Amino acid sequence: MEHLNEQRCLRILELPDGATIDEISHAYHLLMRVYGNAEGSFTAPSMDEFSAEARTQALNQIEAAYAELCRIHTQTQRLVHPPAPVLEAHLPVDGSILRGVRESVNISLEHLASQTHIRLDYLSAMEDERFGDIPLPPVILRGFISAYVTEVGLNPDQVVPAYMQRYQQWQARKSK
Amino acid sequence: MQIWAVGGGKGGTGKSLMSNGIGISLAERGFNVILVDADYGGPNQHTYCGIRKPATSLAHFFEQRTPLEEIIIDTRIEGLRLIPGNFNSSNTDSLTFTQKQKLFRHIKLLRADHVILDLGAGTQYDVLDTFLLADIHVAVVAPDAMSIENFYLFLKTLHNRLLCNVLSSVGLRERANAIWKERAEHGIATSKDFIAHLRTLSSEFSDRLTREHAKLQPHVVLNQVREYRQVEMGLAVESMVNKFFHIPATYAGHIRYDKNLWMQFGQETPAINHGHAFTLQQDLERVTEKILTAHPRGVT
């Protein structure tokens, strides 16, 4: 297998220099849909260029380039974002603590929204504990908070139950 | 002057529509544009322009030796003129070598900012050579397996034609034929090996082929898009052309299918400039803009 430097990896994924991890992920998934599908109507199986070997070779190259780019980004991400602070187990967790953690690792709400596909106003309401502004079943909120804490580098097993307790307390207050 | 060629292999994908749309977009930007109906066997660019019976045509150029400049006619769009195709001719099959050379020479001498060549379907040499004449290559494909398959074949044949042209220009054509016949003895299995072998024979050939290959950067346009998920086919085609044919194609965008377009023809007004085809005009404009951005030379 040829040596894959970062630039070569980006070319394989058909990306320009300086592509973000989001763009890399998007390009990889698109190419996997294209080359992982032998029956797509964009192939021409009768032509030698589209042989099974050529397709497998392209797929392997795409996989290798993506793996290498992910490795490079994981390395550099540690340099860009300081590691998330470790929260003490079973400490009460509220929205303001989550916001503090998010800000300490330099992740904006907009970035978080694009990563988790959660609406910006919901993310903001989650941090402010304005649960009335998130008119969704608790199971969805649990999914949201799990995605949030994972993205900011916390352990969801420790944090999600504590946060959901805050939500249940709010519900109990509301029904009184 | 920039010469555009609009081709793509399969018939009915919208090459004439695209040529017409590019012509209108450029004319609306204030450029002096000449559309050439280079569909030698099936011309109808005049119908797209809303001209029912053009007074002149390429037949006058070929058969009566009328200068090309004199068969240009005005359209109803300011800045957009047309050289109508070769109709009313006794022979529309193919051009002779001399006819083709003469036409190409005269096209290059036209006085305009942009000349747009509307090509016919197929992979005949006339079509390929006309495509290769251009500075900007536009390939129109429809989102179906047949159109895309024909497009790949078009590109592959085009590549071979380019190779033959370069071999002829350096006097290596016959030697190359002999090598190909005895390819097993030379350890040649694929066309890639063949080209690598030929490059070792002559540095002049190698340099010229590299230069000619570099000029071929087709813009792929996906026409007749009916569903959003079809758009991804354009990206897939772009990727496959790059990875499997090693041709640096770029996806210039899609044109949505207009179910009412058929009603706009046969009238004495341009088909896509009636105020009836808003999405079509928008899409053609967006695609033209994207292609123009990739060729920032503008007027030369």
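Naming convention: chains lettered A, B, ... in sequence-line order (proteins, then strands); numbering from 1 in each chain. Everything numeric in this text was worked out from a predicted model, so none of it was measured.
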How long is the gap from CE on B:M240 to CD on A:E49, to the nearest 0.5 Å?
-> 12.0 Å
Which of residues 153-165 of chain B get closer than 4.5 angstrom to chain A, counting heavy atoms alone?
-> B:L153, B:K156
Under the 3.5 angstrom rule, does the side chain of B:Y152 hit a backbone N or O of A:F42 as a donor-acceptor pair?
-> yes
With the side chain counted from C-beta on, respond yes when A:M47 and B:F245 share a heavy-atom pair under 4.5 Å apart, and no when they do not.
-> yes
Count the heavy atoms belonging to other residues, nucleotides or ligands that lie under 6.0 Å from NE2 of A:H26, then report whether that count exceeds 12.
-> no
Evaluate whether atom CZ of B:R286 has more than 12 neighbouring non-hydrogen atoms of other residues, nucleotides or ligands under 6.0 angstrom away.
-> yes
CD-OG distance between B:E149 and A:S41, expressed to the nearest 0.5 angstrom = 11.0 Å
Give every residue pair that meets the salt bridge (Lys or Arg N to Asp or Glu O under 4.0 Å) criterion with at least one member in residues 132-145 of chain A, sequence neighbours excluded.
-> A:R130-A:D133
Are more than 12 heavy atoms from other residues, nucleotides or ligands located less than 6.0 Å from atom CD of A:Q57?
-> no
Should we count CD of B:E182 as having more than 12 external heavy atoms under 6.0 Å?
-> yes
With sequence neighbours excluded, residues passing salt bridge (Lys or Arg N to Asp or Glu O under 4.0 Å) with B:E212 = B:K215
B:K243 side chain to A:I12 main-chain N or O, any donor-acceptor pair under 3.5 Å?
-> yes
A:Y35: what forms a ring-ring contact (aromatic ring centres under 6.0 Å, His included) with it, not counting sequence neighbours?
-> B:F244
